[in-house]
Amino acid sequence: DVKVTQSSRYLVKRTGEKVFLECVQDMDHENMFWYRQDPGLGLRLIYFSYDVKMKEKGDIPEGYSVSREKKERFSLILESASTNQTSMYLCASSFWAGVGTGELFFGEGSRLTVL
Amino acid sequence: AQSVTQLGSHVSVSEGALVLLRCNYSSSVPPYLFWYVQYPNQGLQLLLKYTSAATLVKGINGFEAEFKKSETSFHLTKPSAHMSDAAEYFCAVSDSGGYQKVTFGTGTKLQVIP
């Protein structure tokens, strides 16, 4: 069974802390994505990566960075967490454009609360 | 740039009634279109997808959607709602080239009334 695994389902952090959200996929997908989900706003793309060590900004990259050192792993980093980053974070992966249709496979989500 | 509009952030139907969730898209290139479902405290899972084959697409759990290019629509339907269909539904579009960046609508929460 295909799987995207996010390291933490629930996190509580304090303002100013550095936060790491980890995502691992076992489908040998080239593309990986981080989305943020907020009520009434749907899913908004933060960053995506189409290859190891490659990254592209999405629609709302401010305050975030990412790392992709291995094909199966894509990390989202909040250098200094702020209360407006309290949200649900969803990781997803997909095949590269020449093979896939853009269909995304999602993890269960990480709900982050910043106090 | 591509975009997706879902009409109605909340839809309520009676158990056994028709489910209709509306989605309109804009895309500068032939699109791929998707419906995803999200149950509480879970990630999204694919319901169905349109990839330029048949315009009427059947998905899981009895859902289907029809691609209408002239109306730029991809509405989701199910003939008879079940209590287990209560969830949030997202329409999404990706272009057929480049990185296939996927753009989501804002979601529609479906409530099923017994």
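Order of the sequence lines fixes the chain letters, A, B, ..., with proteins taken first and strands second; residue numbering starts at 1 for each chain. From a predicted model like this one, the values you see are computed outputs, not experimental measurements.
A/Trp34 and A/Phe106 fall into different hydrophobic clusters, where Ile, Leu, Val, Met, Phe, Trp and Tyr residues are linked whenever their side-chain heavy atoms come under 4.5 Å apart, directly or through other members. No chain of hydrophobic side-chain contacts below 4.5 Å, direct or via other Ile, Leu, Val, Met, Phe, Trp or Tyr residues, connects A/Val19 to A/Ile77. Under the 4.5 Å side-chain heavy-atom criterion for ILVMFWY residues, no single connected hydrophobic cluster contains both A/Leu45 and A/Met32. Using a 4.5 Å cut-off between side-chain heavy atoms of Ile, Leu, Val, Met, Phe, Trp and Tyr, with links allowed through other members, B/Val19 and B/Met83 fall into the same hydrophobic cluster. Placement of B/Leu7 and B/Leu76 in two distinct hydrophobic clusters is found when ILVMFWY residues are connected by side-chain heavy-atom separations under 4.5 Å, directly or transitively.
Atom CG of residue B/Leu46 and atom CZ of residue A/Phe105 lie 7.5 Å apart, to the nearest 0.5 angstrom. Atom OG1 of B/Thr106 is separated from atom CZ of A/Arg44 by 11.5 Å, given to the nearest 0.5 angstrom. One finds the CG atom of B/Leu44 at 6.5 Å from the CG atom of A/Leu90 (value rounded to the nearest 0.5 Å).
Only the side chain of B/Thr51 comes within contact range of chain A, with heavy atoms under 4.5 Å apart. Using a 4.5 Å cut-off between heavy atoms, B/Gln38 touches chain A through its side chain atoms alone. Heavy atoms closer than 4.5 Å to chain A are found in the side chain of B/Glu88, but not in its backbone. Residue A/Tyr89 does not touch chain B at all, counting heavy-atom pairs closer than 4.5 Å.
Using a 4.5 Å heavy-atom cutoff, the side chains of B/Val102 and A/Tyr35 are in contact.
The two residues B/Tyr36 and A/Leu104 come nearest to each other via the heavy atoms OH-N, 2.8 Å. Across every non-hydrogen atom of A/Gln37 and B/Phe90, the tightest pair is NE2-CZ, 3.3 Å.
Heavy-atom contacts from other residues, nucleotides or ligands closer than 6.0 Å to NZ of A/Lys71 number more than 12. The number of heavy atoms from other shown groups lying within 6.0 Å of CZ (B/Arg22) does not exceed 12.
A/Arg9 contributes a side-chain N or O that, together with a main-chain N or O of B/Asn41, makes up a donor-acceptor pair within less than 3.5 Å.
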